[in-house]
Amino acid sequence: MSNVKHIHEVLFLFQEKATFQSEEALFDEIKKRHGEDVGFTSCSNEPFGLDKVVDFLVNREKIVKNADGSLALHPDMSMCNGHENHKH
């Protein structure tokens with residue numbers, strides 16, 4: 001993977017857009033901004049592909065997946081220290 005972004009880039013999208021109607025809508029926005037071949041890494045340098053973004057963020061309580069399939073920031077979401085306000 002040569003096009004690797006930090007997962008916080010996805011959280012910044014949620015901060016900007018608030019919600020996404022579906023995983024597909026989120027993936028479309030990610031690919032539009034970062035390219036079709038984008039991959040991600042976490043603060044612990046765990047690499048993963050686009051297909052794992054939602055599970056990764058839901059499991060860490062950064063986003064929620066609503067009953068209608070829409071996605072939004074978790075109400076208690078906080079950025080890791082030093083990564084607030086697009087600091088990366």
Side-chain angles (χ1 to χ4, degrees):
M1 252 189 293
S2 62
N3 182 14
V4 178
K5 302 293 181 193
H6 196 281
I7 191 62
H8 289 152
E9 295 299 325
V10 177
L11 293 176
F12 298 149
L13 287 176
F14 275 95
Q15 289 176 328
E16 180 183 322
K17 302 273 187 181
T19 63
F20 290 91
Q21 293 304 308
S22 65
E23 286 186 37
E24 184 177 295
L26 171 63
F27 295 159
D28 288 347
E29 186 65 26
I30 291 170
K31 289 187 275 188
K32 177 179 157 189
R33 300 250 182 137
H34 301 294
E36 294 280 333
D37 62 339
V38 69
F40 292 93
T41 189
S42 66
C43 289
S44 61
N45 292 320
E46 176 184 340
F48 51 94
L50 184 61
D51 61 325
K52 303 292 185 203
V53 165
V54 172
D55 288 340
F56 180 88
L57 293 174
V58 167
N59 289 337
R60 283 156 182 80
E61 297 184 338
K62 302 297 183 181
I63 66 171
V64 293
K65 188 171 187 177
N66 298 307
D68 65 359
S70 64
L71 304 168
L73 282 175
H74 190 285
D76 297 328
M77 194 285 295
S78 62
M79 287 290 211
C80 301
N81 290 338
H83 297 284
E84 302 86 0
N85 300 318
H86 293 78
K87 293 179 186 172
H88 221 271

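Starting from 1, each residue takes its place in the sequence as its number.
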Inset, instruction - Decide side-chain contact (heavy atoms from CB on, under 4.5 Å) for Thr19 and Leu71; before the verdict, give the C-alpha distance in whole Å, the side-chain angles of both, and the deciding distance to 0.1 Å. - result: CA-CA 6 Å; Thr19 63; Leu71 304 168; over 6 Å; no

Inset, instruction - Would you sort out whether Arg33 and Glu16 count as a salt bridge (Lys or Arg N to Asp or Glu O under 4.0 Å), showing the intermediate values? - result: CA-CA 13 Å; Arg33 300 250 182 137; Glu16 180 183 322; 2.6 Å; yes

Inset, instruction - Apply side-chain contact (heavy atoms from CB on, under 4.5 Å) to Leu11 and Lys62, showing your working. - result: CA-CA 8 Å; Leu11 293 176; Lys62 302 297 183 181; 3.8 Å; yes

Inset, instruction - Test side-chain contact (heavy atoms from CB on, under 4.5 Å) on Phe20 and Glu29 and set out the steps. - result: CA-CA 9 Å; Phe20 290 91; Glu29 186 65 26; 3.8 Å; yes

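Taking CZ from Phe27 and CG from Leu50, the interatomic distance works out to 5.0 Å, rounded to the nearest 0.5 Å. If you take CD1 on Ile63 and CG on Leu13, they are separated by 11.0 Å, rounding to the nearest 0.5 Å. Asp37 contributes atom CG, which lies 5.5 Å from atom OG of Ser2 (distance to the nearest 0.5 angstrom). Separating the CD atom in Glu61 from the CE atom in Met77 is a distance of 12.0 Å, to the nearest 0.5 Å.
Using a 4.5 Å heavy-atom cutoff, the side chains of Val64 and Asn66 are in contact.
Listed by first and then second residue, the side chain to side chain donor-acceptor pair (under 3.5 Å) pairs that reach into residues 41-52 are Ser42-Ser44, sequence neighbours excluded.
Salt bridge status for Lys65 with Glu23: present, with a side-chain N to carboxylate O gap under 4.0 Å.
Partners of Phe56 under the ring-ring contact (aromatic ring centres under 6.0 Å, His included) rule, at least two apart in sequence or in another chain, are Phe48.
Side chain of Asn3 to main chain of His34: a donor-acceptor pair is present (N/O by atom type, distance under 3.5 Å, no hydrogens or angles).
The side chain to side chain contact (heavy atoms under 4.5 Å, CB included) test with Val38 is passed by exactly one of Val10, Val4, Ile30: Ile30.
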